[in-house]
Amino acid sequence: VHKEQGEYAEALRLHEQALAMQRQALPDGHPDIATTLSNMAGVHKEQGEYAEALRLHEQALAMQRQALPDGHPDMAATLSNMANMHKEQG
């Protein structure tokens, strides 16, 4: 909701809070952590911070490759998001 309203700082703050909780409660590389990283990447992308968004997507993809079977839809979504960012940058 905050991202859609342009409240990027608040959106990132909440994602970071969720990420900290997940890292305490879940094992390293858990797919939920990857999802949060991808969500954070989306906020950075909306702000035009493509390098940070790509870095977060790469972290998420590495986790997904370890935790999910090949061809999982979450990995496909992450790859698609990364491709769209490259396309938008030219």
Side-chain angles (χ1 to χ4, degrees):
V1 172
H2 289 287
K3 180 179 136 184
E4 281 76 26
Q5 295 178 347
E7 297 174 4
Y8 302 118
E10 181 64 7
L12 282 174
R13 186 188 71 77
L14 293 170
H15 282 310
E16 288 167 0
Q17 186 177 357
L19 183 63
M21 290 178 189
Q22 288 171 326
R23 286 193 164 147
Q24 285 184 343
L26 300 172
D28 287 343
H30 192 280
D32 288 352
I33 295 172
T35 298
T36 299
L37 290 170
S38 287
N39 290 338
M40 292 171 69
V43 176
H44 284 287
K45 177 190 165 277
E46 290 295 319
Q47 295 180 93
E49 298 170 353
Y50 293 106
E52 180 63 9
L54 192 56
R55 185 186 72 79
L56 291 167
H57 275 311
E58 288 170 349
Q59 283 183 10
L61 184 60
M63 288 181 184
Q64 290 167 335
R65 285 187 167 146
Q66 292 293 317
L68 302 172
D70 286 343
H72 192 280
D74 288 356
M75 284 193 293
T78 300
L79 287 168
S80 179
N81 288 335
M82 292 169 73
N84 287 333
M85 281 196 315
H86 284 293
K87 183 177 98 176
E88 288 178 24
Q89 291 181 79

What I'd like to find out is whether the side chain of [X] reaches to under 4.5 Å of the side chain of [Y], using heavy atoms alone.
{"X": "H57", "Y": "K45", "answer": "no"}
{"X": "M85", "Y": "N81", "answer": "no"}
{"X": "L54", "Y": "H86", "answer": "yes"}

Rounded to the nearest 0.5 Å, how far apart are [atom1] of [X] and [atom2] of [Y]?
{"X": "M40", "Y": "E16", "atom1": "CE", "atom2": "CD", "result": "4.5 Å"}
{"X": "L56", "Y": "H44", "atom1": "CG", "atom2": "NE2", "result": "5.5 Å"}
{"X": "M82", "Y": "S38", "atom1": "CE", "atom2": "OG", "result": "9.0 Å"}
{"X": "T35", "Y": "M63", "atom1": "OG1", "atom2": "CE", "result": "10.5 Å"}
{"X": "L79", "Y": "L61", "atom1": "CG", "atom2": "CG", "result": "5.0 Å"}
{"X": "H30", "Y": "T36", "atom1": "NE2", "atom2": "OG1", "result": "10.5 Å"}

Closest contact, heavy atoms only, [X] versus [Y]:
{"X": "H72", "Y": "D74", "value": "ND1-N, 3.0 Å"}
{"X": "P27", "Y": "I33", "value": "O-CD1, 3.8 Å"}
{"X": "A67", "Y": "G29", "value": "CB-O, 3.6 Å"}

### Message
The criterion is salt bridge (Lys or Arg N to Asp or Glu O under 4.0 Å); which residues satisfy it with E52, sequence neighbours excluded?
### Response
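Only R55 meet the salt bridge (Lys or Arg N to Asp or Glu O under 4.0 Å) criterion with E52.
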### Message
Tell me whether Q66 at atom CD has more than 12 heavy atoms from other residues, nucleotides or ligands lying less than 6.0 Å away.
### Response
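Open: at most 12 neighbouring heavy atoms sit under 6.0 Å from CD of Q66.
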